[in-house]
Amino acid sequence: MFIPIFFILSFLFSSTNAADFCVGDLNGPVGPAGYSCKKTVTVNDFVYSGLAATGNTSNLIKAAVTPAFSAQFPGVNGLGISIARLDLAVGKTQSLAFVSFSSPDPGLQILDFALFANDLPTDIIEETTFLDAAQIKKLKGVLGGTG
Ligand SMILES: *[C@@H]1O[C@H](CO)[C@@H](O)[C@H](O)[C@H]1NC(C)=O
């Protein structure tokens, strides 16, 4: 009985040591190094259940990304890691993937929107994707892009 209790207490003590962690203060300033550190840390700062729920794939690309980045899961602030849940509706079944990142706040771009949901000139997109202008204009029409 003594050993499990000791383990739990040591975990709690180590998780409240400000030198070991920098749990993000979401109400504080955010800079290139992430959020400033919360002054008081609890075990709840290291628990995130947002990845348990299936993402809503009822959208144009039939996909949903559920991030556990520092903005959603402040416990990863400053640790150089994060994770996201990726739900894909493919045909008759759903697919699920977990994606890990080497940053607590990685940039995330969905290529379809990055290329076709903006006013990037079609000739530039032609050069970078090898699609022809008609295909690009069709995709821009579907995704709301112009140009
Ligand atoms: C999923 O997203 C669609 C499109 O935005 C929306 O109409 C629907 O209510 C959402 N479903 C759930 C369960 O949130």
Side-chain angles (χ1 to χ4, degrees), residues 4 7-9 11-18 20-147:
F7 178 77
I8 291 169
L9 290 177
F11 174 75
L12 289 176
F13 282 120
S14 69
S15 69
T16 57
N17 184 344
D20 292 339
F21 297 99
C22 176
V23 173
D25 179 358
L26 301 184
N27 297 317
V30 61
Y35 290 95
S36 58
C37 303
K38 267 178 79 174
K39 299 276 186 271
T40 304
V41 176
T42 70
V43 70
N44 290 335
D45 291 313
F46 300 97
V47 176
Y48 182 70
S49 59
L51 299 178
T54 303
N56 186 345
T57 57
S58 297
N59 55 54
L60 188 61
I61 61 170
K62 299 182 180 356
V65 176
T66 306
F69 301 164
S70 54
Q72 297 80 31
F73 183 23
V76 299
N77 186 60
L79 294 181
I81 57 167
S82 62
I83 195 166
R85 175 187 174 125
L86 174 63
D87 288 285
L88 298 169
V90 180
K92 296 176 182 152
T93 60
Q94 291 265 332
S95 295
L96 169 64
F98 288 96
V99 187
S100 60
F101 299 92
S102 59
S103 166
D105 190 22
L108 178 64
Q109 289 285 335
I110 296 175
L111 189 61
D112 303 354
F113 293 107
L115 285 174
F116 307 114
N118 55 51
D119 60 356
L120 273 176
T122 296
D123 59 332
I124 290 177
I125 299 173
E126 272 185 287
E127 295 290 328
T128 57
T129 64
F130 306 112
L131 296 172
D132 65 44
Q135 290 171 314
I136 292 166
K137 288 183 185 298
K138 183 177 176 183
L139 288 165
K140 284 184 169 201
V142 170
L143 295 169
T146 61

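Since the model is a prediction, treat every value here as computed from it, not as a measurement. One-based numbering, in listed order, for ligands and for the atoms of each. Just so you know, residue 1 is the first one in the sequence shown, and it goes up from there.
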Inset, instruction - Can you label the angle between the F101 ring and the F69 ring as parallel, tilted or perpendicular, going by 30° and 60°? - result: perpendicular
Gap between atom [atom2] of [Y] and atom [atom1] of [X] - 0.5 Å precision:
X	Y	atom1	atom2	value
T129	L131	OG1	CG	3.5 Å
I81	S70	CD1	OG	11.5 Å
F130	I136	CZ	CD1	11.0 Å

Inset, instruction - Identify, with sequence neighbours excluded, every residue that meets salt bridge (Lys or Arg N to Asp or Glu O under 4.0 Å) alongside D87. - result: R85
Any protein N/O atoms within less than 3.5 Å of an N/O atom in ligand 1? List the atom names and distances, or say none.
{"residue": "ligand 1", "atom": "2 (O)", "partner": "N56", "partner atom": "OD1", "Å": "3.3"}
{"residue": "ligand 1", "atom": "2 (O)", "partner": "N56", "partner atom": "ND2", "Å": "2.4"}
{"residue": "ligand 1", "atom": "11 (N)", "partner": "N56", "partner atom": "ND2", "Å": "2.8"}
{"residue": "ligand 1", "atom": "14 (O)", "partner": "N56", "partner atom": "ND2", "Å": "3.3"}

Legend entry - Minimum heavy-atom distance between Q94 and T54, given as atom pair plus value: OE1-CG2, 4.4 Å
